[in-house]
Protein chains: 2
Amino acid sequence: MTIKDIAKACGVSVSTVSRVLNNRPDVSESVRRRVLAAVEAKGYIPNNSARDLVRSRTDAIGIVVRGTGNLFFSAILKTVSREIDRAGFTMVPHFIGSDADEVKAGAILEREKKLRGLLFLGGRYDYTPSELALVGVPYVCCSYTNCFGSLDAGDYSSVSIDDYLTAYRAVERLIQLGHRRIAAVVPSCSDRSVSELRYNGYRAALKEHGVEFDPALLAETGGCFEMPATYRGMCGIIERGADFSAVFTISDTMAIAAIKALEDNGRRVPEDCSVIAIDGLPVSEYTIPTLTTMVQPAEEMGMESVSILLKMLEGAPARHLLLEARIREGASIKQV
Amino acid sequence: MTIKDIAKACGVSVSTVSRVLNNRPDVSESVRRRVLAAVEAKGYIPNNSARDLVRSRTDAIGIVVRGTGNLFFSAILKTVSREIDRAGFTMVPHFIGSDADEVKAGAILEREKKLRGLLFLGGRYDYTPSELALVGVPYVCCSYTNCFGSLDAGDYSSVSIDDYLTAYRAVERLIQLGHRRIAAVVPSCSDRSVSELRYNGYRAALKEHGVEFDPALLAETGGCFEMPATYRGMCGIIERGADFSAVFTISDTMAIAAIKALEDNGRRVPEDCSVIAIDGLPVSEYTIPTLTTMVQPAEEMGMESVSILLKMLEGAPARHLLLEARIREGASIKQV
DNA sequence: ATTTGACGACCTCCGCCGGAC
DNA sequence: TGTCCGGCGGAGGTCGTCAAA
């Protein structure tokens, strides 16, 4: 069942059928009706591969999810999927490890699947224009920005929270409660990415409030956001006999692992040690104790990312949206 | 950048490049290397639309994920995505609510995206053949089976654990530890689905070991797997003054919410009450206390689901794989 | 002036035949 | 005789162009 069969059945040319199918004006009403009737009668459906081939453009939007096991991304992904479907596009997801090259993955995806646009869910903060030259379609960085990089702000869009400020406020909250010896478990202090940014917020909050930074209170997990590495990092701080009354981690799952390490070493949370984090996962509202955390507006981030990308496909300029993370008071911090 | 450019650059014919690209045997090793080097150097990627076109079929496999917020599915999804990519197919995901009609969603997806096959991640256990007649491509039910339905076993594949037996074993473990008053929080006792199946396993374990079932120890959440509803259900059992020393829930996240409800009502886990569940999420290894749970082999389920589906696309018969859920001993249960 | 037909290009695969060694 | 490679044509739908009715 091809366009030729329809043409033959109607006694018209292939060109004419194509014109009807694509709603072009230069076809007489009588021929149009005859063709549409034949299409309906024979149940003809145009071959999408052939259409894509000649139009050289699809309805595909790629999503590169960097960091498998990131529960925060899982939440965003569902929103993104829903919004892309709603707009009549097709979502093409691609999951990569947190140490993989998302730009390369996106560029390959773009060409393999003929993407109209790209949405990066997590990535590096220090792109250079030459790196991103690989990407030939509009793209949005969801949950991060290019603050360490050198991209022209007009060349890409981003939707994120202010990582530095959010970390600053989380640590400031601990200081307000009287904490001075505040440990931190972070993937890295200098990864030119989310971890460095939030670490800088931690350092700035200490400094601003006259608290001296103590390297003994810091654990780096070697770039890893996973719970086992976080658990080991927290144990490391404890085992070296460091003196601290609070812990800051850059994600909820890291906080859950850190709390586990504290409890396993005989330190109760929050009685012996306060813990604060950033993310606001649903599950951390049911941990014991309930986690106090800075909630990222996941739903809003997903919606806005897709909305901005779709508008870019229609020629709208790039946008950089900075959303606010609000604290969700739990029971993992207390006054000292 | 097309196959012609590669041919020109290597000084060979288009046919030869095509032969190399498709791993055909009748090409000399030297030419093969030269062509592959040029492909690498120029970053050539074959046009998928053209490939699909000439092969007269697409490379799309649909995934209908039923139940947003299901962390267990998030883990499977990553494995499924990786395996589909590896096999050279394209994954087309579709997320729907846990009360939505996955068959209808799959059928629509199949027509819109011209799918080769479908993978249902979560769904009803009681399909009838007429319902599934909507689906015109091979499909695999991942994480569930049609045990309440009337499908011909040869018409579909499934990869799952034995829900009834797994629940039976979990509850049996509690009985072995001396528990007789075992509460259960389940979405529903009669949803013709996973909840009913696991509830039946709970009831069977009680009966088999001479423990009388007490309706006061049961909470139904109204078909909901979410933590807030589970929390309320658990609180309901406590508030009605029921006497129990252990709780069985059908998922890890439900257990986390149940433990929270217990602790909030002054009952320590496991000292005052043991809790056991089914799933084996990474996060439940870091909750306090560590959850004792029946681990579903998520990685294996994802891999096998894709593997079986791909073989079905090549004409292989349907298969029904029953995987084993092994207990992960935590610290949420104790002897009484 | 309006409508319709014919044609080539787009891109890849694959089977087939022919030539070269 | 066997191995390797070139070349051809058909498959599919769209779209611009040109010619014709």
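We name chains A, B, ... by the order of the sequence lines, and we start the count at 1 in each one. Reckoned from all heavy atoms, side chains included, excluding hydrogens, waters and symmetry mates.
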Study note, to complete from the structure: Hits for salt bridge (Lys or Arg N to Asp or Glu O under 4.0 Å) against B:D5, two or more places apart or cross-chain, chain-then-number order -> none
Exercise for review: List for me each residue that meets side chain to side chain contact (heavy atoms under 4.5 Å, CB included) alongside A:A298, sequence neighbours excluded, and say none if there are none.
Suggested key: A:F72, A:A75, A:I76
Revision key, fill the gap. From CD1 of B:I6 across to C1' of C:dT12 the rounded distance in Å is 14 Å
Review point. For A:I3 and C:dC7, what is the distance between atoms CD1 and P respectively, to the nearest whole Å?
Key: 16 Å
Exercise for review: Evaluate the side chain to side chain contact (heavy atoms under 4.5 Å, CB included) criterion for residues A:L121 and A:N70: first the C-alpha distance (whole Å), next the side-chain angles of each, then the deciding distance (0.1 Å), finally the verdict.
Suggested key: CA-CA 10 Å; A:L121 201 43; A:N70 186 325; over 6 Å; no
Review point. Looking at five pairs on each end of the helix from C:dT2-D:dA21 to C:dC21-D:dG2, what is the angle between the two axes, given to 10 degrees?
Key: 50°
Practice item. Mark yes or no for whether B:E299, through its side chain, and B:T79, through its backbone, hold a donor-acceptor pair below 3.5 Å. Key: no
Exercise for review: Determine: side-chain N/O of A:Y44 to OP1/OP2 of D:dG13, distance under 4.0 Å, yes or no.
Suggested key: yes
Revision key, fill the gap. Between CG of A:D52 and C1' of D:dC15 the distance, given in whole Å, is 15 Å
Practice item. Not counting sequence neighbours, which residues clear ring pair (Phe, Tyr, Trp, His ring centres under 6.0 Å) with A:F225? List them please. Key: none
Just the table, please: protein N/O against nucleotides 19-21 of chain C N/O, every pair under 3.5 Å.
none

Review point. Expressed in angstrom and rounded to an integer, what is the separation of A:N47 atom CG from D:dC15 atom P?
Key: 14 Å
Check your understanding: What integer distance in Å separates B:R34:CZ from D:dG6:C1'?
Key -> 13 Å
Exercise for review: Could you check which of C:dT12, D:dT14, D:dA11 has an atom nearest any side-chain atom of A:K4?
Suggested key: D:dA11
Review point. What are the residues of residues 12-29 of chain A, sorted by number, that bring a heavy atom to within less than 4.0 Å of DNA chain C?
Key: A:V12, A:S13, A:S15, A:T16, A:R19, A:D26, A:V27, A:S28
Exercise for review: Check the distance between C:dC10's C1' and B:M1's CE and give it to me in whole angstrom.
Suggested key: 16 Å
Can you give each donor-acceptor pair under 3.5 Å made by side-chain atoms of residues 27-36 of chain A, sequence neighbours left out, with the distance rounded to 0.1 Å?
residue	atom	partner	partner atom	Å
A:S28	OG	A:V31	N	3.4
A:R32	NH2	A:R24	O	2.9
A:R34	NH2	A:C10	O	2.9

Revision key, fill the gap. Those residues at least two apart in sequence (or on a different chain) that pass salt bridge (Lys or Arg N to Asp or Glu O under 4.0 Å) with B:R319 are none
Residues 300-308 of chain A side chain polar contacts: donor-acceptor under 3.5 Å, at least two apart:
residue	atom	partner	partner atom	Å
A:S305	OG	A:M301	O	2.7
A:S307	OG	A:K311	NZ	3.4

Check your understanding: Considering residues at least two apart in sequence or located in another chain, which fulfil the side chain to side chain contact (heavy atoms under 4.5 Å, CB included) criterion with A:S160?
Key -> A:T145, A:L322
Point to revise | Contact nearer the 5' end of DNA chain D, comparing B:A50 with B:V31 | key: B:V31
Review point. Got a sec, which pairs hit ring pair (Phe, Tyr, Trp, His ring centres under 6.0 Å) with one end in residues 80-125 of chain A, sequence neighbours left out?
Key: A:F120-A:Y139, A:Y125-A:Y144
Practice item. List for me each residue that meets side chain to side chain contact (heavy atoms under 4.5 Å, CB included) alongside B:S13, sequence neighbours excluded, and say none if there are none. Key: B:S15, B:T16
